[in-house]
Amino acid sequence: MLVRSGVPWVRRGARRLTGASLALLLGCSGATQAPSAARPARVVKTPPAQSKAPVGPPLLPAHVIAELEDEDATPYLARRGDEALLLYAAGGRWRTRVLGADGAPRGDVTEVGPAAADVPVAALRAGPQGYIAAWIEQTEGGRAVRVLALDPAGKPTGPASLVAQTAEDITWLEVLPNATGALVLWEMPREVQDSAAQDSVDRVDVVMTVVAQGKGAAIKPTAPASVARAVLGWNAVATERGAAVALVLPPAGPPARGERKPARKADAEDAPGASKLGSIALLEIDAAGKVSAPVTVSPEPTAQIDLEVASVGGRYLLTWTDERDIDSAVFVAAVEPGGKVAVAPRQATPPSGEQALVSLVAPSAEGGGRALLAWEDLLRPRGGEGGWADARGEGRLIHLASVGPDGALSAERAGLVFSASGPPDLVADGDGFAAVTLAPAALKASRGEAAPPVWPTFVRFGPDLSVRAAEPVRAAPFAATDGVPYLVRGLSCHKGACATLASAAAGAPAQQGGAGRGAGAAGAAGARAPLALVSLPVRESAWRAPAFREDKDPPPRATAVRALVEGDHIARVAAAELDGGAALAAWVTYFVEGASDRAPRGQDLSATLAVRAASPGGPGKLNVISQKASSLGGVAIAAAPPAPADAKGKGGAAQGESVLAWVARERGETQVYVTKLDATGAKVAQKKLTTAPRKKQGGAASEASDVAIAYDGAGGFIVAWVDSRDGNAEVYAARIDRALNRTLPDRRITNAPLDAAEVQIAVRGQEAWLVWSDARPAGGAAAGGAVEPSGEASGDIFLARLDVKTLQRIGDESRLHASPEHSRSPVLAPLEGGALVGWVDEVAGGGASAGGGAAAGGHARFVRLDSGGAAQGAPLAVAAPDGAGVSSVALACDKVCRGVLASAPGDSVVLNAFTLAPGEAAAPSLKPLAWLTGSASQDVSPVFAGRSGASLFFADDSVSGAGRVRWMTIAWP
């Protein structure tokens, strides 16, 4: 069932993929007409350029059933009992052919009437007395709709009836059979003036005719009648009583100030004008054409136009992509016949970042009464069983789950690889389902030495979504192209037998042998394209299936992803764990001084600092702490347990407290601030920590940056930061109590000729450990320095141990690793007997590698420290997959250490999970958690809340380009 809408088909929130990997062609006969992109047909087009094909496995059974004059012309197939009927156009005539249960033709081709030169859309459905065909044809004065009845042998019961003719456009139609005939619905686009947007917007009118069909009698269509006017989109399902039509209705008025979401890139690229979001309604039409009043299913104007409806278990099941929250999500609802809403709208799947509906497949008549829901996560892991899927991010992962009339999804989940845009072809298959997808074709025994070709491939799923069979669609009629057809479409199943239509390119020989892909593509003028019905059996296969059971995916894996905020780009993220599994996430937005004019005249605005609680019950209230923060200052947060009561039982705290460290920019100067927060992230108290003079005569003002904070274990906090008040950037520290009062003055920790950066802090017993990146040259305060070939110092990671009470340094600073690479972005995680330190090493000289990305060519290093801060062996180097550059690392250590490594293998960022057990010397294996939607140049600043690694917070840009902070929960082994 295809999406109905008069606007271009846009999975708003879904990544747009380009290339020649899929042709989205609607029904056409004769001259090719630009289709209505709102309804992509399930047409899989084989890419012309292919890798070398595997040899050996047998071909699929097939019967040549017709020859097409135009290789892109659309044939139509409808099943009726054990037989099927083929309808296609050739020589200016509509032709039919009856096919048996095995796909073999039964009898000759029958001419059934004239076919116009331009038929953009047609439909063929089985009816009570045979078949009903309808099509749109181009006329001199506009467009017309014609309907033709056919008996079970494919012969017309009378001439085609003209049911509508108009000078206006008609973009889509559907035939919905019932017990007495059929309803034929079509859509007509309209431009409606939107007073709020001061522009015309796209809408569609839905029109119908009733086609009555007596036994052996010609059809009698009624005059066209309106079903709905000026709607955003629609979808319909046939019933024995008539039909149910689901509608996406435009908002009644403009959204209130502040309620309009930021514009998405997809809008600008694909659908100029007003937002295509609306409310959901449903109406019914009886067999006589009486239209019921619409019933509101979802009143919020947050539904995208990708609405689908199916009849499941005696109810109408509706699903769509909804934007009522920050992340778009797939919603479901159920309505009883008559209009009672049985299941109120709700999110169908666990939160996983931005989602997009792919399709809803109704169960078969002999099936188990459960439909199939297909959707896509934009923050999606790649791969699957065997890890064969393209790790470079080419292709998509479609998620599958069965869904009942109560709207609840099954626990069994499957993933289907689809290397194209648009939707794969999905149908019910008895008590299971079947799919035709476009995916890399690899043998199970292959070792992956070369990239496999991308071919149309079928998959048959059992009721539990286990893979029953899977093979590329290859058959003898297409031997000239390695058995692979040019186009595959029209997947259908009946009583456990599945088949699909497949056609060759015009001029390609339909015979055994041939000279490989592309042979005969430039055949003689007028050559016809063979059309075959290819059987898709359940049999043993040497081919690797492009599908797998997702619910059997072992951890680590992301269990949920939620967005906490959407708006400006994010510069830094911090998090701290609270009691009861809750956490506080804080972030500061990206702001360049003097580069923004968003501040009202007379107001001093910089970056925004905000905090939000995250608990098992969901995100809490968003708390904006300041709009005068410094992006370079960063943000850090530390949590403390409840304060103990004094001897008189006073002064205690029922809840733990958290303190936020950050940098404010006021009148061009930066100072470090500390803010006390309650468990909801609301501000309780705030004080300025530093008062250093920043202005300099004839030079730039000094800066405070890179804040860090840790609870000292004794009722206070230690704050560290980088400060250039004394010339070059050095590490400073201070100690505060719970009231945010300084108990020790600012103390300078480092004294080196070049700059320090990115300080991190952790408290171990009576010691505070600091790590940072320092550009000091060889022969500086610590031994073992490294010098780049140019003679300039590289950045290395240093460690200092401080006494918690006095902040006096314990021993000398130590350089953790000396190398010619630039070491940056250290992270520090305490563990039993010491700590684990990680950082990113960038290749000396910089530059981009083939993988691209923010830190192309770089890798991560990890080193264990004993209780005295000494390194236990050489640092362990960990490279990202495919030679991609590592951009950042997050660490959390308890009994084992868990981490997330961000890398950029292409034009986006992937988060990879890993574990490091005590004493492990080998580099850990990496498992992708999610591919992000933002640019590869972004530092996503991942950070764990707590030592378990169960909650990860990070920055990411949505597909619209807006900045987001995301919260991911992770299941670990």
Note, Leu416 side chain near Pro424 side chain (heavy atom, < 4.5 Å)
yes
Under the criterion side chain to side chain contact (heavy atoms under 4.5 Å, CB included), I'd like the reasoning laid out for Leu911 against Leu379: C-alpha separation, chi angles, the key distance, then a yes or no.
CA-CA 10 Å; Leu911 298 181; Leu379 301 181; over 6 Å; no
Can you name the side-chain hydrogen bond (donor to acceptor under 3.5 Å, both in side chains) partners of Glu577, sequence neighbours left out?
none
Inspect the contact between Arg572 and Asp939 and indicate whether a charged nitrogen and a carboxylate oxygen are less than 4.0 angstrom apart.
yes
Could you list the residues that satisfy ring pair (Phe, Tyr, Trp, His ring centres under 6.0 Å) with Trp839, not counting sequence neighbours?
none
Excluding sequence neighbours, so at least two apart, what forms ring pair (Phe, Tyr, Trp, His ring centres under 6.0 Å) with Phe862?
Phe914
To the nearest 0.5 Å, what is the distance between CG on Leu318 and CG on Asn235?
8.5 Å
If the condition is side chain to side chain contact (heavy atoms under 4.5 Å, CB included), which residues does Val403 pass it with, not counting sequence neighbours?
Leu317, Leu360, Ala371, Leu373, Leu409
Have Thr319 and Glu308 got a donor and an acceptor in their side chains that come within less than 3.5 Å?
no
If the condition is ring pair (Phe, Tyr, Trp, His ring centres under 6.0 Å), which residues does Trp662 pass it with, not counting sequence neighbours?
Tyr673
Here the pair of heavy atoms bringing Val886 nearest to Ala860 is CG2-N, 4.0 Å
Checking Arg324 against Ser298 for the side chain to side chain donor-acceptor pair (under 3.5 Å) test, could you report, in this order, the C-alpha distance in whole Å, the side-chain angles of both residues, the deciding distance, and whether it holds?
CA-CA 11 Å; Arg324 66 188 65 194; Ser298 179; 2.9 Å; yes
Please give me the minimum heavy-atom distance between Gly369 and Pro405, naming the atom from each residue.
O-CD, 4.2 Å
Going from OG1 on Thr559 to CG on Leu929, what distance comes out if it is rounded to the nearest 0.5 angstrom?
10.0 Å
Step-by-step side chain to side chain contact (heavy atoms under 4.5 Å, CB included) determination, Thr302 to Leu277:
CA-CA 5 Å; Thr302 54; Leu277 296 176; 5.5 Å; no
Distance-only, no hydrogens or angles: does the Ser328 side chain make a donor-acceptor pair with backbone N or O of Glu323 under 3.5 Å?
no
Flag side-chain contact, heavy atom, 4.5 Å: Val467 against Phe461
yes
How would you list, by chain and number, every residue that makes a salt bridge (Lys or Arg N to Asp or Glu O under 4.0 Å) with Asp551, sequence neighbours excluded?
Arg549
Tell me the closest heavy-atom pair linking Gln304 and Val248, and the distance in Å.
O-CG2, 3.9 Å
So, do Ile398 and Ser359 sit near enough that their side-chain heavy atoms are less than 4.5 Å apart?
no
So, do Leu400 and Leu426 sit near enough that their side-chain heavy atoms are less than 4.5 Å apart?
yes
Identify the heavy atoms of Trp972 and Ala913 that sit nearest to each other, and give their distance.
CH2-CB, 3.8 Å
Pairing residues for Ser402 by the side-chain hydrogen bond (donor to acceptor under 3.5 Å, both in side chains) criterion, not counting sequence neighbours
Arg370, Ser410
Excluding sequence neighbours, so at least two apart, what forms side-chain hydrogen bond (donor to acceptor under 3.5 Å, both in side chains) with Lys927?
Asp553
Can you tell which of Ile625, Val684, Val659 makes a side-chain contact (heavy atoms from CB on, under 4.5 Å) with Leu677?
Ile625
Please step through side chain to side chain contact (heavy atoms under 4.5 Å, CB included) for the pair Phe331 and Leu357, ending with a clear verdict.
CA-CA 9 Å; Phe331 269 59; Leu357 175 67; over 6 Å; no
Side-chain touch His859/Val878, heavy atoms, less than 4.5 angstrom
no
Test item: Leu926 and Pro881 side chains (from C-beta on) under 4.5 Å apart, heavy atoms
yes
With side chain to side chain contact (heavy atoms under 4.5 Å, CB included) as the test, would you mind laying out the steps for Thr933 and Arg964 before giving the verdict?
CA-CA 10 Å; Thr933 54; Arg964 291 187 179 181; over 6 Å; no
Show me, pair by pair, the donor-acceptor contacts under 3.5 angstrom made by side chains of residues 893-903, not counting sequence neighbours?
{"from": "Arg898", "atom 1": "NH1", "to": "Ser948", "atom 2": "O", "distance (Å)": "2.8"}
{"from": "Arg898", "atom 1": "NH2", "to": "Pro973", "atom 2": "O", "distance (Å)": "3.4"}
{"from": "Ser903", "atom 1": "OG", "to": "Asn912", "atom 2": "ND2", "distance (Å)": "3.3"}

Pairs meeting criterion salt bridge (Lys or Arg N to Asp or Glu O under 4.0 Å) with involvement of residues 945-958, two or more places apart
Asp956-Arg966
What is the distance from atom OG1 of Thr321 to atom CG of Asp327, rounded to the nearest 0.5 Å?
12.5 Å
How close do Val297 and Ala333 get, counting heavy atoms only, and between which atoms?
CG1-CB, 3.6 Å
Those residues that, when tested against Thr296, pass side chain to side chain contact (heavy atoms under 4.5 Å, CB included) (two or more places apart):
Pro299
For Ser352, which residues count as a side-chain hydrogen bond (donor to acceptor under 3.5 Å, both in side chains) partner, sequence neighbours excluded?
Gln355, Asp377
Does Val309 reach the side chain of Leu307, with side-chain heavy atoms less than 4.5 Å apart?
no
Is there a side-chain contact between Val965 and Arg612 (heavy atoms, below 4.5 Å)?
no
If you take all heavy atoms of Ala661 and Ile709, which pair is closest and at what distance?
CB-CB, 4.1 Å
CG of Leu932 to OG of Ser958, rounded to nearest 0.5 Å, is 12.0 Å
